Every structure is written in C-alpha cells, then in structure tokens.
Amino acid sequence: MFDLIIANGTVIDGTGTPGIKSDVGIVGERIEAIDALVGAEADRVIDAKGLVVSPGFVDPHTHLVWAGSREHELEWKLQGRSYQDILADGGGILRTVRETRAADEEELREQSLKRLRNATRTGTTTIEVKSGYGLQREEELKQLRVARWLGEQGLAEVVSTFMGAHALPDDVNRAEYLEQLEQMLPEAAGLAEYCDVFCEEGAFTIKESRRLLEAAREVGMGLRIHADEFGDTGGGMLGAELKVTSADHLAGSTMETIEALRDAGVTGILLPGTPLALLSSEFAPARKMVAAGLPLALATDCNPNCYTESMQMVMQLAVFRMGLMPAEALTAATLNGALALGRSNRGAIAPGWRADLLVCDVPDYRHLTYHFGINHVETVVIGGQVVNA
Ligand code: NIG
Ligand code: FE
C-alpha cells in the first residue's frame with residue numbers, strides 16, 4: 001500500500017544512463033520502491049508515461065530574502081560600469097540593504113515568498129537562503145526569521161545561512177562592525193545552520209574571514225565561503241584550510257586552490273548565473289575541477305544582481321558556458337547540491353531516500369539542458385507531497 005505512485009516514467013537512476021523505465025512507490029516522506037508496481041494499491045497515482053522522473057533540484061546558494069530591485073544597475077553595467085564600482089558608490093548590495101531595512105517583516109515575507117514559489121515551480125525542492133542585506137543585528141535577524149517562515153510554507157525546504165559578513169555597512173566603521181558580527185553569532189546560530197563570509201577585495205579580508213568563521217564554528221555553525229569570484233584572492237585557500245562545507249563562486253581559482261579544496265573534502269559550488277549577470281565571460285573552470293576530482297554543485301545565487309530562481313537555467317548555463325556534460329550538470333544540481341548542504345537523504349531516487357521528485361515533460365533527461373529557456377517541470381513532489389506552488 002503506497003501513498004503515491006509515479007507510474008511508467010523514465011526514472012533517473014544516477015548512473016549516467018538515460019534512465020530506467022519504472023514505477024516509483026512512495027510511503028510518507030520516503031521512496032519505498034522502484035519497481036514494476038502494477039496492481040499495487042495507492043492513494044494517488046500520477047501517470048508519467050513518456051516523461052522523465054528526476055530527483056528534485058537542490059539550490060545550495062541563494063540570497064532569496066530581499067526587498068526592492070536593481071534593474072537600473074543592469075543598464076549601468078551595460079554602459080560599462082563594474083559591479084565593484086557600483087558597490088563602492090553605495091549601490092549594489094548597499095542599495096538592497098537600504099531597501100530591505102525599509103521593508104517591514106510582512107512586506108519582506110511577501111516579496112520573498114514570490115521567489116520561493118518560482119524556485120519550487122521550476123523544480124527546486126531544497127534551497128539554501130542567506131541573510132546579508134540587514135548588516136545590523138535586528139535587521140539580520142529579521143531576514144533569518146523570514147527565511148524560517150519561508151521554510152514553513154510547504155514549498156521547497158529551506159536551509160538558512162547567516163551572512164552578516166556580506167558587505168561592510170556604510171554607517172559603522174570596520175572594526176566596530178567586525179565586533180558586532182561576532183556578537184551576533186550566538187543569536188544567529190539559533191536561526192541559521194551555516195555562517196558564510198564574502199571573502200574578497202572590497203569585502204572582507206582573509207584575516208577577518210578566518211576570525212569570523214572560526215568564531216562561527218565555536219557556536220556550532222557549519223561554514224561556507226564566497227571565494228575567488230573575481231580572481232584567486234586567497235578565499236578558496238582559506239576555505240580549504242578551514243575545511244568549510246562549501247566554497248562558492250571559484251571563477252578565479254587557480255589549480256593549486258582547486259586541489260587544496262579537493263584534498264580538504266570541500267564541495268565547490270559554481271554559480272554560472274553570476275558571470276552572466278556581470279556581463280563577464282569568466283566562468284569557473286569547471287572542466288579542470290572535474291578533472292581534478294573536486295565535487296561540484298550548481299546554484300542560482302539568486303540575488304538582485306543575478307536574478308533567477310531557476311536551476312534549469314543554471315544547468316543550461318553550466319552546459320553551454322562551462323562545458324559540463326548534461327549528466328554532470330544534473331548530478332551537480334541534485335546529489336552534489338545535497339552534499340553541499342550536508343544532507344545525505346536526498347538528491348537521488350533510491351529506496352529509503354526522501355521523496356523529493358520531479359516529473360518533467362522531456363523524453364530524456366538530456367533535454368533538460370538541450371532544450372533551454374522553458375520550464376520542463378510538470379509535477380513537484382516534496383517529502384512525498386505533491387506541491388502546488
Ligand atoms: O554571491 N558576491 C556577493 N554576493 C552576491 C551578490 C549580492 C548582490 O549583488 O546583491 C553574490 O554574487
Ligand atoms: Fe552569493
């Protein structure tokens with residue numbers, strides 16, 4: 001007796017083959033059987049004949065909770081201004097900080113929920129969400145409370161990250177803000193599983209990042225780092241030294257850094273939407289990373305500079321601009337995303353695993369990246385429940 005059977009689909013079995021024809025039986029939150037289930041009883045049967053049944057996408061890097069927007073900055077970038085220049089001028093992250101502070105919690109929930117729905121509709125079943133547009137205690141906590149609330153809406157499951165070290169606020173001096181950040185950690189740890197730092201020129205130095213991440217570890221948080229986005233500035237190496245769960249961006253990482261990350265057991269999270277939105281062609285050297293044996297995950301980086309909730313879009317960019325094979329992109333968007341969030345119960349279709357599944361209207365999983373620019377996801381199942389986002 002099953003709660004749900006997804007019948008007759010082509011099931012992605014994670015071996016890189018185009019999939020196996022099978023039914024999938026679900027009981028409660030879990031996958032119970034991958035087998036011919038003809039005649040089995042079920043409360044509900046979804047016919048997936050001619051369709052692909054894929055693991056749900058895991059998006060392990062987003063800044064989903066913000067207010068306002070920055071479409072005018074895209075025009076500035078098109079006129080030749082750089083991201084760092086816009087930030088140094090009080091735009092970029094700092095502009096979004098002003099708009100996010102000005103929004104009350106209700107307004108912030110509403111704007112963020114829209115994005116979570118978009119993510120879920122396009123197949124994301126687990127999503128990481130960072131703070132970092134508050135840059136002061138109460139405002140950072142406000143964002144983390146909104147992230148927790150989002151996780152209670154029966155849509156994609158939310159994993160929260162505290163990222164007070166996203167930028168230096170323009171109303172506090174450096175030393176003072178670093179001290180405030182350390183003071184925020186115990187409270188942030190009550191709302192967030194991870195701590196992340198933007199370790200880059202114009203943001204936080206290696207020394208500052210190391211100190212904050214070590215303090216976060218002291219209060220029991222897992223660690224992540226934004227590193228080497230614009231060049232190898234030492235952030236990736238710091239991630240390896242601290243054995244962070246994930247080091248993200250890595251567009252400028254050298255071979256030495258890639259190997260150090262691999263040896264430290266770090267998962268690399270690649271965000272191909274970011275160079276796209278920066279009008280840059282400096283995509284992370286994914287082929288070298290695969291050759292070196294660094295596990296790779298893909299993420300949207302969804303934020304007001306790089307505004308997409310779609311993991312399908314990101315997989316397509318990874319294939320078209322970073323040279324990943326369709327099977328590699330799918331693994332990076334599912335199983336390796338789960339790994340990058342420390343979740344070992346999802347990201348694959350196997351008995352006993354969490355029933356986070358997608359029914360996609362494609363004849364073969366390779367069409368997820370070959371046929372680009374539309375939503376292939378027809379049905380989303382999260383924790384055994386069919387979700388209507
Ligand atoms: O991951 N690099 C820093 N943070 C974000 C961008 C946030 C923003 O521009 O608002 C990122 O790309
Ligand atoms: Fe980011």
Side-chain angles (χ1 to χ4, degrees), residues 59-74 76-77 81-101 103 108 111-112 115 119 127-135 139-140 143 147 159-170 192 194-204 209 223-231 233 235-236 239 244-253 268-280 282-284 297-309 314 317 337 340-341:
D59 185 350
H61 181 142
T62 84
H63 306 253
L64 199 81
V65 177
W66 80 82
S69 66
R70 304 204 317 247
E71 63 284 2
H72 58 283
E73 290 186 5
L74 174 55
W76 294 350
K77 287 183 285 180
R81 290 189 69 185
S82 75
Y83 178 83
Q84 288 100 320
D85 169 50
I86 293 169
L87 178 63
D89 228 20
I93 296 174
L94 293 175
R95 151 102 188 196
T96 302
V97 167
R98 289 191 293 279
E99 290 186 293
T100 304
R101 286 180 183 175
L108 197 54
Q111 293 194 29
S112 308
R115 300 179 197 122
I127 189 166
E128 187 257 15
V129 176
K130 303 175 199 298
S131 69
Y133 293 120
L135 309 186
E139 292 296 323
E140 285 291 312
Q143 269 192 281
V159 175
S160 295
T161 296
F162 169 61
M163 199 180 178
H166 192 198
L168 205 66
D170 49 13
Y194 289 97
C195 179
D196 195 343
V197 174
F198 189 14
C199 178
E200 201 76 53
E201 273 160 30
F204 296 87
S209 303
L223 309 184
R224 331 184 65 80
I225 192 165
H226 279 60
D228 303 343
E229 180 173 348
F230 308 104
T233 53
V244 296
T245 303
S246 76
D248 306 23
H249 284 294
L250 309 180
S253 297
I269 298 184
L270 306 187
L271 311 162
T274 307
L276 186 83
L278 293 173
L279 312 180
S280 150
E282 301 293 312
F283 290 83
L298 288 168
T300 59
D301 199 17
C302 184
N303 70 61
N305 176 61
C306 169
Y307 195 179
T308 181
E309 298 92 340
V314 164
L317 286 172
L341 290 178

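Atoms within each ligand, like the ligands themselves, are counted from 1 in listed order. Since the structure is predicted, the reported quantities are computational estimates derived from the model, not experimental observations.
Taking all atoms of both residues into account, the shortest heavy-atom contact from S112 to V65 is OG-CA, 3.4 Å.
Protein N/O/S atoms closer than 2.8 Å to the Fe ion (ligand 2), listed by chain and residue number, are H61 NE2, H63 NE2, H226 NE2, D301 OD1.
For E128, the side chain to side chain donor-acceptor pair (under 3.5 Å) criterion is met by K130, T161, not counting sequence neighbours. Residues satisfying the side chain to side chain donor-acceptor pair (under 3.5 Å) criterion with S160, sequence neighbours excluded, are absent altogether.
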Per-pair distances, ligand 1 N/O vs protein N/O, less than 3.5 Å:
from: ligand 1; atom 1: 1 (O); to: H63; atom 2: NE2; distance (Å): 3.3
from: ligand 1; atom 1: 1 (O); to: H226; atom 2: NE2; distance (Å): 3.1
from: ligand 1; atom 1: 1 (O); to: H249; atom 2: NE2; distance (Å): 3.0
from: ligand 1; atom 1: 1 (O); to: D301; atom 2: OD1; distance (Å): 2.9
from: ligand 1; atom 1: 1 (O); to: D301; atom 2: OD2; distance (Å): 3.0
from: ligand 1; atom 1: 2 (N); to: E229; atom 2: OE1; distance (Å): 3.0
from: ligand 1; atom 1: 4 (N); to: H166; atom 2: NE2; distance (Å): 2.8
from: ligand 1; atom 1: 9 (O); to: R70; atom 2: NH2; distance (Å): 2.8
from: ligand 1; atom 1: 9 (O); to: Y83; atom 2: OH; distance (Å): 2.7
from: ligand 1; atom 1: 10 (O); to: R70; atom 2: NH1; distance (Å): 3.0
from: ligand 1; atom 1: 10 (O); to: R70; atom 2: NH2; distance (Å): 3.4
from: ligand 1; atom 1: 10 (O); to: Y133; atom 2: OH; distance (Å): 2.6
from: ligand 1; atom 1: 12 (O); to: D301; atom 2: OD2; distance (Å): 2.7

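Side-chain contact between H63 and I93: absent, with no pair of heavy atoms (C-beta onward) separated by less than 4.5 Å.
A tilted orientation is assigned to the rings of H166 and F198, their planes being inclined by 30° to 60°. Relative orientation of the H249 and H61 rings is perpendicular, given thresholds of 30° and 60° on the angle between their planes. Ring orientation note: the planes of W66 and Y307 are nearly perpendicular, at an angle over 60° on the 30°/60° scale.
K77 and E73 are not joined by a salt bridge, as no carboxylate oxygen comes within less than 4.0 angstrom of a charged side-chain nitrogen.
No donor-acceptor contact under 3.5 angstrom links the side chains of T300 and E309, judged on distance only.
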